[in-house]
Each structure stands twice: as C-alpha cells, then as structure tokens.
Amino acid sequence: MKGAQIEQVSILACVTGLALCAAWFACLALTGHAPESLAMLISAVGGFELYHFGQGLWTALARRRAGGR
C-alpha cells in the first residue's frame with residue numbers, strides 16, 4: 001500500500017471509532033445499558049489505531065537512522 005492509502009485507512013478507522021463511541025453513548029443514554037459487542041468493536045478499532053500509530057513511529061525512527069529520508 002502507498003502512504004496516501006494507508007493514511008486514508010487510518011482516517012476511516014478513526015471516523016469509524018468515533019461513530020461507534022457515539023453509538024455506544026447513545027445506547028447507554030436511551031436504554032440504560034450498552035451492548036458488549038459494541039464495546040468490543042470499539043476496542044478492536046482502537047487497537048488497530050494504536051498499532052498503526054506505533055508502526056508510523058517505528059518507520060519514522062528507521063528513516064531518521066537511515067539518513068533522514
């Protein structure tokens with residue numbers, strides 16, 4: 001994947017995570033309890049974002065050590 005495509009996937013995952021969080025709070029406000037499956041989906045998206053963030057940091061560090069490219 002190219003860099004721009006990876007950034008688009010990251011943005012899409014971020015928006016999806018925010019939408020899922022909003023849905024979780026809406027379910028909690030309307031029914032008094034939120035479904036566990038929604039919390040697991042939010043955790044999965046958050047885990048992907050944390051992994052992607054760490055991968056970006058690792059790549060930037062590798063570039064810096066390789067000569068600034």
Between CG of L57 and NE2 of H52, what distance do you get to the nearest 0.5 Å? 10.5 Å
Of the non-hydrogen atoms in C27 and L38, which two are nearest, and what is the gap between them? SG-CD2, 4.4 Å
Shortest non-hydrogen separation from A34 to W24 and the atoms involved: CB-NE1, 3.0 Å
Nearest heavy-atom contact between E49 and S10 is OE2-O, 3.1 Å
The residue among L18, L20, T16 that forms side-chain contact (heavy atoms from CB on, under 4.5 Å) with I42 is L20
List the steps and the verdict of side chain to side chain contact (heavy atoms under 4.5 Å, CB included) for F48 and V9. CA-CA 10 Å; F48 170 76; V9 169; 3.9 Å; yes
Please answer: with hydrophobic residues joined when any side-chain heavy atoms are less than 4.5 Å apart, are L41 and L28 in the same cluster? yes
